[in-house]
Number of protein chains: 2
Amino acid sequence: MSSPPPVERIPLSRERIVVTALRVIDERGLAQLSMRRLGAELGVEAMSLYKHVAGKDALLDGVRELLLAELETPAAPGRDWADDLLSLARRYRALGRAHPEAFGLLARGADRAYVAGRESAEAGLAALRAAGFDEETATYALRTVVRFVLGFSLIEMAGEGAPAPLAQDELDALARDQPMVAGLMRSLGPGSEDALFEFGLRALITGIAAMGPGG
Amino acid sequence: MSSPPPVERIPLSRERIVVTALRVIDERGLAQLSMRRLGAELGVEAMSLYKHVAGKDALLDGVRELLLAELETPAAPGRDWADDLLSLARRYRALGRAHPEAFGLLARGADRAYVAGRESAEAGLAALRAAGFDEETATYALRTVVRFVLGFSLIEMAGEGAPAPLAQDELDALARDQPMVAGLMRSLGPGSEDALFEFGLRALITGIAAMGPGG
DNA sequence: ACCTGAACACCGTTCAAGT
DNA sequence: ACCTGAACACCGTTCAAGT
């Protein structure tokens, strides 16, 4: 009876810490995440976090896992292997668009993406084998698509808002000496990312098809 | 006569600072580069650097330019557009292998790569146009290859030495539920990067060829 | 058991002062 | 003109002390 009312404060836990870290990154940017700020966000001193995560690197490992957990949706099986790979690639890029500030974390330890997306990956490999690809070619095909989309998105998300800050004299020299490159530079910018992604993905799938049993 | 012997000390300059910064990154890693350490390396207090570079971000801009300047070699024209694109891609990846620690800087402001590699880029575009590709398709083809190789290398260089630190229980679950993905995981590692790169590049070129006038 | 305060060894950057 | 010293507002992390 004389004890105080139940405290509002939810106890710290690794999960609460990691979820809050991702939210801070989403809202303020990766560079703004510090142990001290994260502690403040949780109503706690920074030093308390160390009871639940080994350090900042371990915290970022947790954020990466959380991110990749979002990748896997109950992927409906596609009509064929090409459909499966297109779907996997597009869901990957959508993850980047949902968390552009955090996406850079996925550059390191990219192999964990296969565990996170294991159901989609298994379906993709099965579809490739069913179409007559041998094990090695099927493996390379899937790894190539994953590498492409991860690399593509990393650069896209890192580029955010820095289109082409070239000095005027550089642009003039370019227009004089390499006019086609100058034309290409003008086409750069966020507006062309969707088309570029689909172009590259289509080229890759076409090229992979040519390496299969029928190619 | 009474003046001291000419000082050994070379005066600071933006170029000396940037060149030294790249050396520090190459030798000790990007995370180890600080204004204070760089000053020490140059025999100067950190604060003196601010007379020559606006800040750490401007310094890293300079390092990126220095890096990209290495990309351009007097590229002998290839036999055809596919040859030109293959050569550009391989020189890009070689740059990554030469400076794995610094390569991550190229994720941001990736468009500057076209200026740095402008001679190769112009040659590639010219070869595509000569083969009958229209301007838009030629532009997308070149941009796709550049994006692919930059993204591929970024992930490769960021991965350095972290093959697949999966826990045993994760591996067991994977072998049970997604055996093909488990097989794929075993194939990961630095030893397969060359083959993966060539596979992806070949697929991409094949797919691009199929989008050209003869496809 | 869980959280805190103080401390350590660092950061990037500014600015008045020295030479 | 060029460099420095001291300072400011931060970092990640450790550890003895508090509750």
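Per chain, numbering begins at 1; letters A, B, ... match sequence-line order.
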B/Lys56 atom NZ is separated from D/dC10 atom P, nearest whole Å, by 18 Å
Applying side-chain hydrogen bond (donor to acceptor under 3.5 Å, both in side chains) to A/Glu136 and not counting sequence neighbours gives none
Give A/Ser48 one of three labels, base, sugar-phosphate or nothing, depending on what nucleic acid heavy atoms sit under 4.0 Å from its own.
-> base
Atom CG of A/Leu59 and atom P of D/dT13 are separated, to the nearest Å, by 10 Å
The ring pair (Phe, Tyr, Trp, His ring centres under 6.0 Å) partners of B/Tyr50 (sequence neighbours excluded) come to none
By side-chain hydrogen bond (donor to acceptor under 3.5 Å, both in side chains), B/Glu41 pairs with (sequence neighbours left out) B/Arg23
Pairs under 3.5 angstrom only: tabulate donor-acceptor contacts from the side chains of residues 171-187 of chain A to other protein residues two or more places apart or in another chain.
unit_1	atom_1	unit_2	atom_2	d
A/Asp172	OD1	A/Gln168	NE2	3.1
A/Ser187	OG	A/Leu184	O	2.9

- Message: Assess whether a salt bridge exists between A/Arg28 and A/Glu101, defined as any Lys/Arg side-chain N lying under 4.0 Å from an Asp/Glu carboxylate O.
- Response: no
Rounded to whole Å, the CG-P distance (B/Leu49 to C/dC11) equals 13 Å
In short, ring-ring contact (aromatic ring centres under 6.0 Å, His included) pairs touching residues 167-187 of chain A with sequence neighbours left out are none
Got a list of side-chain donor-acceptor pairs under 3.5 Å for residues 145-154 of chain B, not counting sequence neighbours?
unit_1	atom_1	unit_2	atom_2	d
B/Arg147	NH1	A/Phe152	O	3.4
B/Arg147	NH1	A/Glu193	OE1	3.1
B/Arg147	NH2	A/Glu193	OE1	3.2
B/Arg147	NH2	A/Glu193	OE2	2.8
B/Ser153	OG	B/Val149	O	2.9

Regarding the side chain of A/Lys51, the nearest nucleotide among C/dC3, D/dT13, D/dC3 is C/dC3
Those residues at least two apart in sequence (or on a different chain) that pass side-chain hydrogen bond (donor to acceptor under 3.5 Å, both in side chains) with B/Arg118 are none
Taken to the nearest whole Å, CG/B/Leu38 to P/C/dC10 is 17 Å
In whole angstroms, the gap separating P of C/dA7 from CD of A/Glu45 amounts to 15 Å
The side chain to side chain contact (heavy atoms under 4.5 Å, CB included) partner of A/Val24 among A/Leu42, A/Leu33, A/Val63 is A/Leu33
Here the distance between atom P of D/dC11 and atom CD of A/Gln32, to the nearest Å, is 8 Å
Between CE of A/Met35 and C1' of D/dC10 the distance, given in whole Å, is 16 Å
Taken in chain and number order and not counting sequence neighbours, the residues that satisfy side-chain hydrogen bond (donor to acceptor under 3.5 Å, both in side chains) with B/Ser48 are none
Out of C/dG5, C/dG12, D/dT13, minimum distance to the side chain of B/Arg36 belongs to C/dG12
Note, DNA chain C 5' to 3' with Watson-Crick or G-U pairs under 3.5 Å encoded as ( ), [ ], | and . gives ||.|||||...|||||.||
Hits for side-chain contact (heavy atoms from CB on, under 4.5 Å) against A/Thr144, two or more places apart or cross-chain, chain-then-number order -> A/Leu204, B/Leu196, B/Phe199
Expected list for residues 19-30 of chain B near DNA chain C, using heavy atoms below 4.0 Å, is none
The contact string for nucleotides 14-19 of chain C, one letter per nucleotide 5' to 3', using protein heavy atoms under 4.0 Å with B, S and - for base, sugar-phosphate only and none, comes out as B-----
note: A/His52, atom NE2; C/dA1, atom P; distance rounded to Å ~ 13 Å
